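Since the structure comes first, as C-alpha cells, the remarks are kept for the end.
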Amino acid sequence: MESALQHAIPGGQLLLYLQPRASAVTGELVGFEALVRWQHPELGLVSPQRFIPLAEESHLIVEVGNWVAARVCETLPRWRSDGEQLVPVSINVSARQLKDSEFRTELDMQMHRYQINASDIAIELTESMMIGDNHEIQNELRLLGDMGLKLIIDDFGTGFSSLARLQSLSVDVLKIDQFFVRNLSAGGEGIVLCEAMTQMGKTLGLAVVAEGVETTEQLQMLQLIGCDEIQGFIASPPVPADEAMQMLGGPAFFAPMNGIRSSQVSDRYLSA
C-alpha cells in the first residue's frame with residue numbers, strides 16, 4: 001500500500017473533497033474543510049482511515065498535505081472567476097509539514113500566484129500537535145498566523161492543550177471532537193462537556209465548531225448551548241470539489257433556530 005501510495009500523486013489518483021461547515025443559527029454555509037480521497041486503479045476509492053495513518057508513518061504525509069494545499073489554491077480562483085461568493089477553506093496540516101519552512105513558503109507562493117486572500121484559507125491541526133515544546137512547529141504556526149491565516153484546532157477535548165498555549169498561538173477556532181458530540185444524545189456528561197468547551201472557547205474569544213453532527217437532537221442541543229458552527233452529515237458529507245461549488249450561494253442546510261437559547265442547558269437535560 002505504501003508503494004502504491006507513492007505513485008498516487010504523480011499518477012493523478014488523489015481527489016480533492018470538501019466538507020462544509022454551517023452556521024448553527026442560520027444553517028447557511030460558512031466554510032469548507034479540505035479533505036483527500038484516493039481513487040486506486042484496482043481497489044477503487046480507498047478510505048482515508050486506511051491510507052492517512054500509512055502516510056503519517058512516512059514522509060508521504062508531507063507530499064499528500066502539500067498536494068491538498070496546492071489543489072485548494074487552484075480551486076479558489078476558479079470559483080471566483082465564475083462569480084461565486086467565496087467562503088474560507090481550511091487545510092489540514094501535519095506535524096511533519098511544520099518541521100521546516102517548506103510548507104509555509106510553498107503556500108505563500110501559491111497564494112500570491114493565484115491572488116488568494118489570507119481570509120480565504122485557514123490552517124487546521126489536531127490539538128495533540130499543540131502539546132510539547134517543539135520550537136520549529138510552534139514557530140511555523142506563528143509565522144502562518146503572521147500571514148493572516150486563521151488557526152483552527154481540530155479534535156478539541158482529546159489532547160489536553162493548555163489555555164496558555166491556545167492564547168500564545170492566537171488560535172481562532174476550536175472544533176469539538178465528534179466523540180463528545182456523539183455523547184450528546186446520552187445526556188448527562190455529554191451535555192456538560194460540550195457546554196463547558198463552548199463556553200471556554202467564547203471566553204477566549206474563539207469561534208466554536210461541533211464536528212460529527214448527525215441528528216436533529218444533537219443539532220438542537222448544540223444550538224441551545226450556543227455553539228457557533230456545525231460540521232457533519234446533518235449538513236453534508238464530504239463531496240468532490242466540483243460538487244461543493246454548487247453549494248456556494250445555495251440554500252441553508254437546515255432551518256434557522258427559533259432564537260430560544262438557555263444558559264443552563266446542562267441543568268435542563270440533567271434534570272429531565
Side-chain angles (χ1 to χ4, degrees), residues 19-27 30-35 47-49 52-53 56 90 92-95 122-132 150-167 169 171-238 253-254 257 260-272:
Q19 185 170 27
R21 299 201 322 265
S23 165
V25 177
T26 67
V30 294
F32 287 106
E33 178 184 357
L35 303 167
S47 167
Q49 283 76 24
I52 291 298
E56 286 278 7
S90 63
N92 288 282
V93 180
S94 72
I123 300 300
E124 190 161 332
L125 62 150
T126 59
E127 186 187 10
S128 58
M129 286 176 59
M130 307 208 21
I131 301 174
K150 287 189 174 183
L151 182 60
I152 299 175
I153 302 303
D154 195 12
D155 302 333
F156 186 71
T158 62
F160 306 104
S161 62
S162 68
L163 297 181
R165 182 58 54 81
L166 291 175
Q167 290 182 308
L169 289 176
V171 172
D172 300 284
V173 181
L174 296 181
K175 296 179 76 172
I176 299 175
D177 186 73
Q178 59 184 343
F179 169 81
F180 302 102
V181 175
R182 283 198 300 267
N183 286 341
L184 276 172
S185 300
E189 190 176 75
I191 292 286
V192 173
L193 291 174
C194 282
E195 185 176 18
M197 286 186 279
T198 299
Q199 294 308 314
M200 184 184 73
K202 290 184 175 297
T203 299
L204 294 173
L206 311 179
V208 180
V209 183
E211 297 185 284
V213 184
E214 298 181 350
T215 69
T216 301
E217 181 184 16
Q218 292 169 346
L219 173 62
Q220 290 174 341
M221 291 182 185
L222 291 164
Q223 289 172 330
L224 290 169
I225 286 170
C227 187
D228 299 298
E229 302 173 13
I230 65 96
Q231 184 175 1
F233 278 40
I234 195 169
S236 171
F253 294 106
F254 45 83
M257 68 178 293
I260 301 172
R261 178 172 294 171
S262 170
S263 60
Q264 300 295 328
V265 177
S266 54
D267 290 344
R268 171 179 171 180
Y269 282 94
L270 284 170
S271 61

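Just so you know, residue 1 is the first one in the sequence shown, and it goes up from there. Just so you know, these numbers come straight off a predicted model, no measurement behind them.
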Minimum-distance pair of heavy atoms, taken over all atoms of S90 and E124: OG-OE1, 2.7 Å
Nearest 0.5 Å please: distance from the CG atom of L151 over to the CG atom of L174. 9.5 Å
Evaluate the criterion side-chain contact (heavy atoms from CB on, under 4.5 Å) for residue pair D155 and E211; output intermediate values, then yes/no. CA-CA 8 Å; D155 302 333; E211 297 185 284; 3.5 Å; yes
For residues 221-230, pull every pair meeting salt bridge (charged side-chain N to carboxylate O under 4.0 Å, His left out), keeping only residues two or more places apart or in separate chains. R21-E229, K202-D228
Name all residues meeting the side-chain hydrogen bond (donor to acceptor under 3.5 Å, both in side chains) criterion together with S236; count only those two or more places apart in sequence or in a different chain, and write none if there are none. none
Test your reading of the model: is there a side-chain donor-acceptor pair from Q218 to the backbone of E214, 3.5 Å cut-off? yes
Does the side-chain hydrogen bond (donor to acceptor under 3.5 Å, both in side chains) test come out yes or no for Q49 and S47, once each step is laid out? CA-CA 5 Å; Q49 283 76 24; S47 167; 2.5 Å; yes
Looking only at non-hydrogen atoms, find the nearest pair between A22 and G27 and report the distance. CB-O, 4.0 Å
Quick one: pull up CG in L222 and CD in E195 and give me the separation to the nearest 0.5 Å. 11.0 Å
Apply side-chain contact (heavy atoms from CB on, under 4.5 Å) to the pair T126 and N92, showing each step before the final yes or no. CA-CA 8 Å; T126 59; N92 288 282; over 6 Å; no
If you round to the nearest 0.5 Å, how far is CG of L193 from CG of L184? 9.5 Å
Working for side-chain contact (heavy atoms from CB on, under 4.5 Å), residues M197 and V208: CA-CA 8 Å; M197 286 186 279; V208 180; over 6 Å; no
Heavy atoms only: give me the nearest A210-C227 pair and the separation to one decimal. N-SG, 3.6 Å
Measure across C194 and I176 and return the closest heavy-atom pair with its distance rounded to 0.1 Å. O-CD1, 4.0 Å
Interatomic spacing from CG in L125 to CD1 in I152 - rounded to 0.5 Å: 9.5 Å
With rounding to the nearest 0.5 Å, note down the distance linking CG in L219 to CD1 in I234. 4.5 Å
Search all heavy atoms of P237 against all heavy atoms of Q19 and return the closest pair with its distance. CA-NE2, 4.0 Å
Determine whether F254 and I230 satisfy the following criterion, side-chain contact (heavy atoms from CB on, under 4.5 Å), listing intermediate values before the conclusion. CA-CA 11 Å; F254 45 83; I230 65 96; 3.8 Å; yes
For Q223 and A24, indicate whether the former's side chain and the latter's backbone hold a donor-acceptor pair under 3.5 Å. yes
What distance do D154 atom CG and Q178 atom CD have between them, rounded to the nearest 0.5 Å? 9.0 Å
Work out which heavy atom in F180 is nearest to a heavy atom in F156; give both atom names and the distance. CE1-O, 3.8 Å
